[in-house]
Amino acid sequence: MNTKKSNYFDLVYQVVREIPPGRVCTYGTIAHYLGLKSGARMVGYAMNAAHTLPDVPAHRVVNRAGVLTGKHHFATPTRMQELLELEGIHVEKDQVQDFDKLFWDPEKELGL
DNA sequence: TAGGTGACCCGCG
DNA sequence: GCGCGGGCCACCT
């Protein structure tokens, strides 16, 4: 196990990994769920490091507007959208359709 | 060592 | 009601 890695990073990965297929979550929600008063920005940073982990579906994490803000950080700018479509999520112009319905709230789904 | 950036969000004008 | 700017903390160079 890692020893000098920020634990809160792993916490973000844990929540992201808990996101079921065909569902999406937001940075602010994860930050609030973990209690990261640091802000959703830190969650985005964790996603950047998520590239080191194979089981971190960062493509299921989008911003408050349901826009694939971080798609540009994937292997390819279209990788994120492709992955979401494979999950059955309709994405148009880098924007998640029915995002309001596909939204997955950990505090509710996990049963806080 | 120090400075700047960043996959964002909220508040104010 | 809408638009724009600032702010928060941690990682990177």
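These numbers come from a predicted model, not from an experiment. Throughout, a chain's letter reflects where its sequence line sits, starting with A, and its residues are numbered from 1.
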note = Rounded to whole Å, CG of Leu11(A) lies from P of dA10(C) at a distance of 14 Å
ask   = Do you reckon Val16(A) sits in the same ILVMFWY cluster as Phe103(A), going by side-chain contacts under 4.5 Å, direct or chained?
value = no
message = From CG of Leu36(A) over to P of dA7(B), roughly how many Å is that when rounded to an integer?
response = 17 Å
key: hbond_proxy Tyr27(A) side chain to dA7(B) base (donor-acceptor, 3.5 Å cutoff)   = yes
ask   = For the pair made of NE2 in His32(A) and C1' in dC9(B), what is the distance, rounded to whole Å?
value = 12 Å
query = Do any N or O atoms from the side chain of Glu109(A) and from the backbone of Glu107(A) form a donor-acceptor pair under 3.5 angstrom?
reply = no
ask   = Would Gln81(A) and His59(A) count as having a side-chain donor-acceptor pair, cut-off 3.5 Å?
value = no
message = Once you apply a heavy-atom cut-off of 4.0 Å, does His51(A) come out as touching a base, just sugar-phosphate, or nothing?
response = base
task = Quickly work out the Asp10(A) CG to dC11(C) P distance and round it to whole Å.
result = 12 Å
query = Atom CE of Met80(A) to atom P of dA7(B): distance rounded to whole Å?
reply = 12 Å
message = Just so I know, are the side chains of Thr26(A) and Phe99(A) near enough to count as touching, which here means a heavy-atom distance under 4.5 Å?
response = yes
key: Side chain to side chain, Lys93(A) and Val67(A), heavy atoms closer than 4.5 Å   = no
Watson-Crick or G-U pairs under 3.5 Å in DNA chain C, rendered as dot-bracket with [ ] for crossing pairs and | for another strand = .||||||.|||||
ask   = Do the side chain of Tyr8(A) and the main chain of Val43(A) share a donor and acceptor less than 3.5 angstrom apart?
value = no
ask   = Can you find a side chain N or O atom of Thr26(A) that sits less than 4.0 Å from OP1 or OP2 on dC8(B)?
value = no
request  = Find the distance Met47(A):CE to dC12(C):P and express it as a whole number of Å.
outcome  = 15 Å
task = Indicate yes or no: at least one non-hydrogen side-chain atom of Arg60(A) is less than 4.5 angstrom from one of Cys25(A).
result = no
inquiry  = Looking at the base of dC9(C), is there any donor atom on it, or on the side chain of Arg41(A), that sits under 3.5 Å from an acceptor on the other one?
reply    = no
ask   = At under 4.0 Å between heavy atoms, what does Gly44(A) touch on the DNA or RNA strands: base, sugar-phosphate, or nothing?
value = base
inquiry  = Can you check the distance between dG4(B) and dG6(C), where both ends of the measurement are the P atom (answer in whole Å)?
reply    = 16 Å
note = The correct set of residues in residues 58-66 of chain A placing a heavy atom under 4.0 Å from DNA chain B is Ala58(A), Asn63(A), Arg64(A)
request  = Answer yes or no: does atom NE2 of His51(A) have more than 12 heavy-atom neighbours from other residues, nucleotides or ligands under 6.0 Å?
outcome  = yes
request  = Find the distance His72(A):NE2 to dG6(B):C1' and express it as a whole number of Å.
outcome  = 15 Å
ask   = With a 4.5 Å heavy-atom cut-off, do Thr29(A) and Asp105(A) have their side chains touching?
value = yes
request  = State which of dA7(B), dC11(C), dT5(B) makes the closest approach to the side chain of Tyr45(A).
outcome  = dT5(B)
task = Decide yes or no for Ile30(A) and Val61(A): does some side-chain heavy atom of the first lie under 4.5 Å from some side-chain heavy atom of the second?
result = yes
message = Whole angstroms only, please: what is the CG-C1' distance between Leu34(A) and dC9(B)?
response = 16 Å
